[in-house]
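Below is one structure, written out as structure tokens; the observations come after it.
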Amino acid sequence: MAEYDPQIVEAKWQKVWQEQNAFHAEDNDSSRTKYYLLEMLPYPSGTLHMGHMRNYTIGDAVARYKRMCGFNVLHPIGWDAFGLPAENAAIKRGTPPREWTNANIAQMKSVCQRFGFSYDWDREISTCEPEYYRWNQWFFLRMLEKGLAYRRRSRVNWCSQCQTVLANEQVIDGFCWQHDTTPVEAKEIEQWFLRITQYAEALLEGIGELAGGWPERVLIQQRNWIGKSQGARARFDVAQIADLSLEVFTTRIDTIYGVSAVLISANHPGLEKLLEGVRGASGMQEQLKSMRAKSVRAADIATAEKEGFFTGRFAVNPFSGESAPIWVANFVLAEYGTGAVMCVPAHDERDFEFAEKYHLPVTIAIQPLQGTPLRDDRMNEAFTEYGRLVDSGPYTGLTSEQALVKMADDAKAKGFGEPQITYRLKDWGISRQRYWGTPIPVVYCEKDGIVAVPDDQLPVRLPENVTLTGQGQSPLASVPDFVNTTCPKCGGPARRETDTMDTFIDSSWYFYRYTDPHNDRAPFDKEKAAYWFQIDQYIGGVEHAILHLIYSRFFCKVMHDLGLVNHLEPVKRLFSQGMVLKDGAKMSKSKGNLVGAIEMADKYGCDTGRLYTLFAAPPEKDLEWNEQGIEGASRFLNKVYRLVSKHAGSVRGIETDLTSPTDLASATAKEKILIRRTHQTLKRVTNDFDVRWHFNTSVALIMELVNELQAQEPLDVEVSPLILKRVLMALTLMISPMTPHIAEELWEMLGFSGGLVQQQWPRYREDLTREEQVEIIIQINGRVRSKMLVEDSLSEDELRERALNDPRIKPLIDGKTIVKVIVVPKKLVNIVLK
RNA sequence: GCCCAAGUGGCGGAAUUGGCAGACGCGCUAGCUUCAGGAGCUAGUUCUCGCAAGGGAGUGGAGGUUCGAGUCCUCUCUUGGGCACCA
């Protein structure tokens with residue numbers, strides 16, 4: 001008997017699949033229901049690590065299962081090929097980004113093929129190819145036309161040593177990654193933005209449509225990210241400056257009688273005017289400079305020690321008429337709300353902390369509805385809940401809920417404010433001062449200003465052979481051939497935009513390109529996209545819960561408004577797969593904790609690797625990687641191989657298929673066990689694939705079936721070859737989505753030719769899953785005291801009677817008072833004693 | 001700091017709708033078998049008291065709801081992810 005050699009088996013079947021082009025998806029196949037299954041496109045870092053492996057194994061198992069269920073499955077892959085790492089590699093090693101990237105793609109593609117992932121390689125895309133990125137440019141131009149793309153000044157991380165812009169990742173504890181003694185500064189430059197905020201409400205509404213198909217946690221995170229808040233704007237006039245006022249946004253206008261100060265951002269546009277003529281203003285400029293120069297990362301700002309200074313100016317509280325000092329505070333964001341907030345220490349935690357540090361008064365404006373009233377000399381934390389207003393002029397006595405409405409309305413009536421909805425979502429800054437990305441297709445003409453590159457001149461090609469230093473301005477600015485051009489409008493001299501686009505643009509619409517990957521007249525054909533969309537199932541890491549998935553949804557809505565698609569959400573169902581951790585942290589190149597898939601393939605074979613990945617944990621759960629359990633997967637496949645090859649000789653000649661009827665009545669006892677176990681396993685594995693997506697339990701169930709088969713050896717006694725063949729067929733088909741190579745081999749051993757990719761998923765029969773008897777547990781006061789085997793059909797009364805007369809139960813309840821007896825049919829009887 | 005998750009044996013995990021906690025696998029222990037391979041087979045393996053039968057405890061921690069809680073509620077601790085220029 002031949003031993004199972006995964007390397008030989010896997011190479012053999014991969015060749016067959018390749019020759020058959022087995023996984024090509026046909027457009028507009030009207031005979032079958034389409035199923036678009038997609039895993040998030042990888043960044044070609046060069047190593048296909050266990051995080052990818054897990055993602056693709058899950059996807060592939062589902063793709064193969066769906067094909068077996070009769071769907072026309074689109075299962076594509078491509079490469080998110082632009083981005084920072086290629087540029088870093090170029091700086092470090094001098095390898096041109098394209099060369100580095102393409103070598104990585106080739107490497108990772110070969111690993112994907114080696115693992116037998118059933119992709120339609122005819123549809124492979126790479127975002128760094130002009131054929132792809134010209135459509136990024138095309139989309140940008142459409143957005144420019146619609147006023148969705150615009151330019152404004154905005155802050156970036158700046159290293160004064162490198163004289164260059166740093167990505168957040170390149171900022172380590174506030175210092176440049178290359179110069180760990182140079183603190184990163186913030187610098188304001190002109191940048192391109194996409195007006196995603198215009199779609200804030202639509203993005204929020206769409207969440208309703210996604211409920212049910214997307215994980216709840218992702219939707220919650222997106223809703224919070226968009227951060228709609230119903231609040232009010234109120235204008236505080238600045239004392240002594242007639243034409244200057246500060247607008248604050250607050251969600252707690254009910255607390256306004258507790259204002260101790262007005263806090264404004266160091267980047268507030270009115271600051272300059274505010275400080276004019278103030279004594280000591282020059283000293284303040286120093287402080288402002290240092291506050292403005294801090295890192296622009298939100299997490300850094302939020303965790304920084306609260307700092308501020310008094311501007312010397314006062315503002316008038318429009319409700320109370322009292323004056324409040326105006327402070328600059330580092331935790332007030334210029335980008336959110338109005339860039340100014342009212343400081344109410346008694347009812348806001350951050351304000352309380354700020355007031356403690358700078359000894360601002362704490363004035364109570366809200367008292368709790370119940371419990372001990374607050375005293376302003378006894379507060380050691382803010383009271384942030386709703387309550388009843390006190391010392392609030394005409395509003396005293398109202399509840400917070402009442403006051404929120406009335407005060408906002410009054411502000412509007414009196415002309416110093418109004419109710420307002422604000423979103424936390426900010427416009428999407430897409431300019432990158434980098435080389436390896438999509439050139440932004442505009443030119444700057446002295447005469448005509450900003451001029452869009454016309455469609456027929458796309459793509460604006462990224463020049464090759466550019467020397468990257470990691471220093472100074474955008475690398476493209478030092479390529480004269482690129483920069484110097486003519487204005488499409490007037491024909492005069494013009495300069496090209498030298499910034500490139502955020503790579504999130506590439507990944508915001510790539511899944512449409514798969515439906516029509518070679519189209520050179522449009523990003524995709526509308527008909528083709530209409531056939532395949534929406535994506536039936538998207539699978540990817542939970543770390544993409546917000547950014548990628550919000551940008552994609554935004555793009556879809558813009559495309560809808562451009563008339564390119566007729567749906568509003570690109571992804572019907574999302575599966576958020578858990579991360580693969582190593583040493584307690586996400587496996588990623590930047591953390592240097594990668595474990596490659598190829599090593600595992602060499603050592604154990606790909607099917608073993610696939611099986612173990614699925615078996616190790618349910619797919620939504622984070623998985624700390626170690627290879628401790630992989631032997632188990634390897635042993636199991638060997639066991640199955642031995643089992644099938646042992647019996648192949650006696651069953652391979654038998655003609656049968658799984659749809660022919662099975663007669664339980666004439667079966668032997670052994671056959672009954674095997675038939676029932678097989679159908680029970682089929683039922684639960686089908687449920688795992690269709691509903692639960694818990695492949696770890698599928699594997700466990702199939703292992704149990706194999707154990708049962710072994711326990712029933714010898715299988716050529718009291719088991720007809722026909723029954724045995726059917727059991728082995730079902731077993732082979734069940735493992736095939738997870739371990740496709742060995743399954744093909746076993747299928748062939750069972751006497752079939754033509755491969756099993758086209759085979760149908762086996763159906764279970766409910767009547768064949770049922771056992772004749774069920775086990776009922778008997779509890780006393782919730783503790784198991786006995787068990788009994790009874791007929792399935794027993795009534796509640798009969799169950800109660802039998803339980804009370806159970807020989808182990810009787811002595812325990814003798815002489816005690818039975819309070820009640822709870823009977824759960826087919827499960828348990830619980831006797832409650834006093 | 002803010003938002004979102006997750007915590008069950010020595011380890012990965014199971015318990016699908018509130019109903020036997022620890023399926024399946026790894027590891028370990030003992031035995032068998034084989035001629036030495038990272039093989040196969042059998043039995044055992046949460047902790048604890050006990051020779052045993054059997055009892056008690058137990059799902060990060062503290063409370064609560066319930067006949068019954070890993071599962072529901074409140075608080076809390078720890079770990080992981082995201083925080084807009086890593087992708």
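Throughout, protein chains are lettered first and strands after them, A, B, ... in sequence-line order, and every chain is numbered starting at 1.
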The ring pair (Phe, Tyr, Trp, His ring centres under 6.0 Å) partners of Tyr132(A) (sequence neighbours excluded) come to Trp509(A)

| message | Any salt bridge linking Arg434(A) with Glu87(A)? Criterion: basic side-chain nitrogen under 4.0 Å from a carboxylate oxygen. | response | no

key: Separation of the C1' atoms in A23(B) and U78(B), to the nearest angstrom   = 28 Å

_For the C1' atoms, the ones on C20(B) and on A14(B), what distance do you get once it is rounded to whole angstrom?_
14 Å

- [ ] Answer yes or no: is there an ion pair linking Arg692(A) with Glu620(A), defined by an N-O contact shorter than 4.0 Å?
- [x] no

Subject >> Gap in Å between the two P atoms, one belonging to U48(B) and one to G10(B), rounded >> reply: 10 Å

Across every strand shown, the nucleotide meeting Watson-Crick or G-U wobble geometry with C72(B) (both distances under 3.5 Å) is G64(B)

Report which part of the nucleic acid Arg155(A) touches: base, sugar-phosphate, or nothing (heavy-atom distance under 4.0 Å, all strands). nothing

Nearest-nucleotide check on RNA chain B, Val699(A) vs Phe504(A); residue mapping nearer the 5' end is Val699(A)

Does Arg808(A) CZ have over 12 foreign heavy atoms under 6.0 Å away? no

| Looking for any heavy atom pair under 4.0 Å, which part of the strands does Tyr604(A) touch: base, sugar-phosphate only, or nothing? | base

Assigned chi class of G9(B) under the 90° convention is syn

In Watson-Crick or G-U wobble terms, with both distances under 3.5 Å, the base opposite G50(B) is none

query: What nucleic acid atoms does Thr697(A) come within less than 4.0 Å of, heavy atoms only: base, sugar-phosphate, or nothing?
result: sugar-phosphate

* To do: Go through the side-chain N and O atoms of Gln577(A) and Asn55(A) and say whether any donor and acceptor fall under 3.5 Å apart.
  => yes

Comparing Arg217(A) with Met579(A), nearest RNA chain B nucleotide closer to 5' gives the residue Arg217(A)

Check: Considering only the P atoms, how many Å lie between U79(B) and A87(B), rounded to the nearest integer?
Finding: 29 Å

Sticking with atom C1', work out how far C11(B) lies from G18(B), rounded to a whole angstrom. 29 Å

Checklist entry - So what does Gln191(A) hit on the nucleic acid, given a heavy-atom distance under 4.0 Å: a base, only sugar-phosphate, or nothing? => result base

When you compare G9(B) with C3(B), how far apart are their P atoms, in angstrom units rounded to a whole number?
30 Å

RNA chain B: first to last nucleotide in contact with chain A (atom under 4.0 angstrom from a heavy atom), 5' to 3', is G1(B) to A87(B)

Gap in Å between the two C1' atoms, one belonging to U16(B) and one to C24(B), rounded: 16 Å

- Answer with base, sugar-phosphate or nothing: what part of the nucleic acid does Val824(A) contact at a heavy-atom distance below 4.0 Å? base

Practice prompt. Describe the nucleic acid contact of Ala298(A) in one word from base, sugar-phosphate, nothing, applying a heavy-atom distance below 4.0 Å.
Written response: sugar-phosphate

*So, Gln471(A) and Thr164(A): side-chain donor and acceptor under 3.5 Å apart, yes or no?*
no

Any strand, both distances under 3.5 Å, Watson-Crick or G-U wobble: G37(B) pairs with none

Between Lys357(A) and Glu307(A), does any NZ, NE, NH1 or NH2 come within less than 4.0 Å of an OD or OE carboxylate oxygen? no

Checking N1-N3 plus N6-O4 or O6-N4 for Watson-Crick, or N1-O2 and O6-N3 for wobble, each under 3.5 Å, the partner of U17(B) is none

task = Indicate, with a heavy-atom threshold strictly under 4.0 Å, whether His544(A) touches base, sugar-phosphate, or nothing.
result = base

(request) Looking at every strand, decide which applies to Glu704(A) at a 4.0 Å heavy-atom threshold: base, sugar-phosphate, or nothing. (result) sugar-phosphate

Paired to A5(B) by Watson-Crick or G-U wobble criteria (both distances under 3.5 Å) is U79(B)

Check your understanding: Which whole number of Å gives the distance between the C1' atom of A6(B) and that of G61(B)?
Key -> 16 Å

Residues at least two apart in sequence or cross-chain that pass salt bridge (Lys or Arg N to Asp or Glu O under 4.0 Å) with Arg252(A), listed by chain then number, are Asp254(A)

